[in-house]
Amino acid sequence: GAVVSQHPSWVICKSGTSVKIECRSLDFQATTMFWYRQFPKQSLMLMATSNEGSKATYEQGVEKDKFLINHASLTLSTLTVTSAHPEDSSFYICSVPVGSNREQYFGPGTRLTVT
Amino acid sequence: GDSVTQMEGPVTLSEEAFLTINCTYTATGYPSLFWYVQYPGEGLQLLLKATKADDKGSNKGFEATYRKETTSFHLEKGSVQVSDSAVYFCALRATGNTPLVFGKGTRLSVIA
């Protein structure tokens, strides 16, 4: 199966600062990547769909100016949390649909803590 | 819109007990159905899937059957092990390139 990595695996930042999270597809070229957010003991909520060569598609209620997504290449998508606040603290997970079945492979996630 | 409802946990079982985690869905058309597992400190991993009615997905002793008539995809295992302790997510996907819709997850703890 495909290997998806995320960096960093965890990060602590101060309120008002910005944090960039990387999602890499290590062995598969991905024109699409998905970004999810997972609150403690809750399900994964889709935030946005990252599209290589075009703008990301955001889900309703997700602030596109706060969560900047850049699909820089066929193997890299980045999520930047701008002007972070404590309520942005969460577990952020990316996934890559692969193959004709579009089976999704997930990254290990990035835990963000905003103090 | 599409949605997935799964039984709330946590579920605590003794080793070798029988496991059932219920999952029902609401969707238009004929979605594909999945069970994902998240072990402590790790990312989600696909456990099993079914793409059409009456299909049975199976892996590592776990099974789930796509029941269109009851819109269900219950996860079962005949004899759980301590190593099965994890959070289990039921999910659906409407079409090939759409994102997954997840249930809230069920935490399973298996004690020796």
Side-chain angles (χ1 to χ4, degrees), chain A residues 1-10 21-26 30-52 54 56-62 69 77 91-111, chain B residues 1-11 21 23-27 30-52 55 57 59-60 66 85-109:
Chain A
V3 179
V4 180
S5 71
Q6 285 185 236
H7 177 79
S9 56
W10 59 272
I21 301 170
E22 295 184 349
C23 176
R24 291 183 184 274
S25 176
L26 299 183
T31 56
T32 300
M33 293 184 181
F34 299 114
W35 285 97
Y36 294 86
R37 181 174 179 177
Q38 184 181 24
F39 291 99
K41 298 183 179 181
Q42 295 191 30
S43 186
L44 283 76
M45 299 300 295
L46 179 68
M47 298 177 65
T49 301
S50 176
N51 304 300
E52 193 271 336
S54 64
T57 304
Y58 290 82
E59 295 300 300
Q60 191 173 9
V62 177
I69 291 174
S77 175
F91 197 53
Y92 293 88
I93 304 172
C94 69
S95 74
V96 176
V98 173
S100 58
N101 293 329
R102 310 304 285 167
E103 180 175 325
Q104 289 193 28
Y105 289 86
F106 286 82
T110 296
R111 184 165 301 284
Chain B
D2 297 346
S3 66
V4 175
T5 301
Q6 64 182 102
M7 65 184 286
E8 294 194 19
V11 174
I21 301 178
C23 171
T24 57
Y25 67 91
T26 301
Y30 303 96
S32 294
L33 302 175
F34 305 83
W35 277 99
Y36 282 84
V37 58
Q38 187 177 33
Y39 296 104
E42 298 184 17
L44 269 74
Q45 301 174 27
L46 177 64
L47 180 60
L48 53 85
K49 66 179 180 181
T51 58
K52 61 182 186 296
D55 269 3
N59 186 26
K60 300 180 180 179
Y66 190 144
S85 298
V87 180
Y88 293 82
F89 292 92
C90 186
L92 69 81
R93 189 182 68 206
T95 62
N97 209 29
T98 56
L100 292 160
V101 176
F102 287 90
K104 290 189 174 181
T106 302
R107 183 175 299 276
L108 170 66
S109 295

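To the nearest 0.5 angstrom, A:L44 atom CG is 7.0 Å from B:Q38 atom CD. The CZ atom of B:R93 sits 8.0 Å away from atom CD of A:E103, with the distance rounded to the nearest 0.5 Å.
In terms of non-hydrogen atom pairs under 4.5 Å with chain A, the most contact-rich of B:P99, B:G103, B:G105 is B:P99.
Proximity to chain B is absent for every atom of A:Q6, based on heavy atoms less than 4.5 angstrom apart. In this structure, chain A has no heavy atom under 4.5 Å from any part of B:F34. With a 4.5 angstrom heavy-atom cutoff, B:Q6 does not touch chain A via any of its atoms. In this structure, chain B has a heavy atom under 4.5 Å from the side chain of A:L46, while its backbone stays farther away. Only the side chain of B:L46 comes within contact range of chain A, with heavy atoms under 4.5 Å apart.
Crowding of A:M45 atom CE: a count of heavy atoms from other residues, nucleotides or ligands under 6.0 Å not exceeding 12. Within 6.0 Å of OH in B:Y30 there are 12 or fewer heavy atoms belonging to other residues, nucleotides or ligands.
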Evaluate the side chain to side chain contact (heavy atoms under 4.5 Å, CB included) criterion for residues B:F89 and A:Q38: first the C-alpha distance (whole Å), next the side-chain angles of each, then the deciding distance (0.1 Å), finally the verdict.
-> CA-CA 12 Å; B:F89 292 92; A:Q38 184 181 24; 3.4 Å; yes

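Under the 4.5 Å side-chain criterion, counting only non-hydrogen atoms from C-beta, A:Q104 is in contact with B:Y36.
No donor-acceptor pair closer than 3.5 Å links the side chain of A:Y105 to the backbone N or O of B:Q45.
Between B:L44 and A:F106 the shortest heavy-atom distance is O-CB, 3.7 Å.
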